[in-house]
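The structure appears below as structure tokens.
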Amino acid sequence: MASYPALAQAVSQLCERPPWCVTGVSGLVYDDAGLWFELGKPKNWVTRDDGVIEIGLGAIGGSLEPGESLWDCWRREMREEIGDVPEPTAAQQTLIVYEERIIYPTRTNDPLPSPVLLTVSANRHRRATLAGCETLAIVTFWGHARRRPQRGDLFGLLHLPYVALPSTLMQPQLTVGQLLEIPALVLELGGQLPEPAIIKPMWTVRSLQLALQQGALSFQPPAR
């Protein structure tokens, strides 16, 4: 985060469990018609006590590798997951979503494109690999798709038209049937979706959901 000192300082002030570190980079990838998301891989599905399987709805991206910069990670993950690197679009302000309860807008004057979201929470799932980081952050940028994304190493690639975003992302979860009923939905899968199953916003998309619910973010991407 050396390229974004104001954001780093803001996270440090909010952080209740230092030290913190950036663990990944993701993109809210958009085109003229809507936003692109990923469906979580089967290894990350969660089977609840009632037998329903939870499938995560996430932003496109992934974890930083050792010694990798934010933009190196952006380029690598995008090529691996959708076959092309979207053009980053600067956000007017960055929303820091801390432990799903705080949305803290920060403006930056950095020469690089500003992130749209910083998702910050305690390190609950990566203790084995990031034992020195008590708190983790995911940096999320707007990204304009220069050509139609292709499903690379993703299990599922999902395109939601702008008109469907309010009814979709304002809900805590969707059944597979409800998802498939969305008009003009584009869905590419590497396998069958299980039944019964629900689609649930996770990580960056959960932060996006909170920002939309609180009116801190528009359903439309920034103008390029």
Side-chain angles (χ1 to χ4, degrees), residues 1-30 35-38 58-82 84-126 129-130 132-146 202-212 214-218 220-224:
M1 291 293 290
S3 300
Y4 301 97
L7 292 178
Q9 182 180 7
V11 174
S12 295
Q13 291 173 345
L14 284 171
C15 185
E16 299 170 346
R17 301 179 184 87
W20 67 275
C21 65
V22 175
T23 184
V25 178
S26 64
L28 296 179
V29 178
Y30 68 95
L35 294 183
W36 292 89
F37 301 93
E38 68 168 273
I60 295 167
S63 299
L64 282 165
E65 293 185 349
E68 195 172 43
S69 71
L70 295 181
W71 293 111
D72 287 341
C73 182
W74 171 271
R75 289 186 286 268
R76 177 182 55 79
E77 286 288 346
M78 293 300 169
R79 289 192 184 102
E80 291 174 357
E81 298 199 341
I82 60 174
D84 191 34
V85 180
E87 178 185 356
T89 307
Q92 292 184 349
Q93 65 179 10
T94 302
L95 302 177
I96 300 176
V97 183
Y98 182 75
E99 296 290 7
E100 294 195 5
R101 70 176 189 268
I102 297 175
I103 295 183
Y104 185 86
T106 302
R107 294 186 183 274
T108 67
N109 296 314
D110 303 300
L112 295 174
S114 299
V116 59
L117 293 170
L118 271 179
T119 301
V120 186
S121 66
N123 184 359
R124 299 182 179 89
H125 306 293
R126 301 196 63 188
T129 56
L130 293 172
C133 295
E134 292 295 322
T135 300
L136 305 180
I138 299 174
V139 185
T140 305
F141 298 91
W142 286 114
H144 178 248
R146 296 175 295 185
M202 301 292 289
W203 296 100
T204 294
V205 177
R206 174 58 178 153
S207 294
L208 173 63
Q209 185 180 57
L210 291 170
L212 294 170
Q214 297 189 25
L217 195 65
S218 168
Q220 295 285 342
R224 292 182 291 119

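When reading the values below, keep in mind they use all heavy atoms of this one structure, side chains included, and skip hydrogens, waters and symmetry mates. On a predicted model such as this, the values are computed, not experimentally measured, just so you know.
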Residue list, side chain to side chain donor-acceptor pair (under 3.5 Å) with Gln92, at least two apart or on another chain: none
Under 3.5 Å donor-acceptor, Glu81 side chain and Gly61 backbone: yes
Plane angle bin for Tyr4 and Phe141 - parallel if under 30°, tilted between 30 and 60°, otherwise perpendicular: tilted
Pairwise side-chain contact, Pro115 with Leu7, heavy-atom cut-off 4.5 Å (strictly under): yes
Test log, rule side-chain contact (heavy atoms from CB on, under 4.5 Å), inputs Leu35 and Trp142: CA-CA 10 Å; Leu35 294 183; Trp142 286 114; 4.0 Å; yes
For Glu99, all residues meeting side chain to side chain donor-acceptor pair (under 3.5 Å), sequence neighbours excluded: Arg17, Arg124
Counterpart residues, salt bridge (charged side-chain N to carboxylate O under 4.0 Å, His left out), relative to Arg107 (two or more places apart): none
4.5 Å side-chain heavy-atom contact, Pro88 and Trp71: yes
Worked check of side-chain contact (heavy atoms from CB on, under 4.5 Å) between Leu14 and Val120: CA-CA 9 Å; Leu14 284 171; Val120 186; over 6 Å; no
Exam field: side chain Thr140 to backbone Val116, donor-acceptor pair closer than 3.5 Å: no
Rounded distance [0.5 Å steps], OG1 in Thr106 versus CG in Leu118: 8.0 Å
Cys21 side chain reached by Leu136 side chain, heavy atoms, under 4.5 Å: yes
Residue pair Glu134 / Pro18: nearest heavy atoms and the distance that separates them: CG-O, 3.5 Å
From CA spacing to verdict: side chain to side chain donor-acceptor pair (under 3.5 Å), Tyr30, Thr89: CA-CA 10 Å; Tyr30 68 95; Thr89 307; 2.8 Å; yes
Residue of the set Val139, Ile138, Ile60 for which side chain to side chain contact (heavy atoms under 4.5 Å, CB included) holds with Ser26: Ile138
All side-chain contact (heavy atoms from CB on, under 4.5 Å) counterparts of Gln214, not counting sequence neighbours: Ile103
Inter-residue atom distance Glu38.CD - Met202.CE, 0.5 Å rounding: 11.0 Å
Contact check, side chains of Val85 and Arg79, non-hydrogen atoms, under 4.5 Å: yes
Nearest heavy-atom neighbours spanning Thr119 and Thr204: OG1-CA, 3.9 Å
Main-chain N/O of Glu16 paired with Tyr98 side-chain donor or acceptor, under 3.5 Å: yes
Shortest non-hydrogen contact from Val97 toward Leu210: CG1-CD1, 3.8 Å
Minimum heavy-atom distance between Gly27 and Ala59, given as atom pair plus value: O-CB, 3.6 Å
Residue pair Met1, Leu70: steps toward the side-chain contact (heavy atoms from CB on, under 4.5 Å) verdict: CA-CA 8 Å; Met1 291 293 290; Leu70 295 181; 4.1 Å; yes
Side-chain heavy-atom pair Ser121, Glu100 within 4.5 angstrom cut-off: no
Least distance between heavy atoms, Ser63 atom then Cys73 atom: O-SG, 3.7 Å
For Trp20, side chain to side chain donor-acceptor pair (under 3.5 Å) partners two or more places apart: Ser12
Side-chain heavy-atom pair Val29, Met78 within 4.5 angstrom cut-off: yes
Contacts of type ring-ring contact (aromatic ring centres under 6.0 Å, His included), residue Phe37, not counting sequence neighbours: none
Non-hydrogen atoms of Leu95 and Ala211 that approach each other most closely: CD1-CB, 3.7 Å
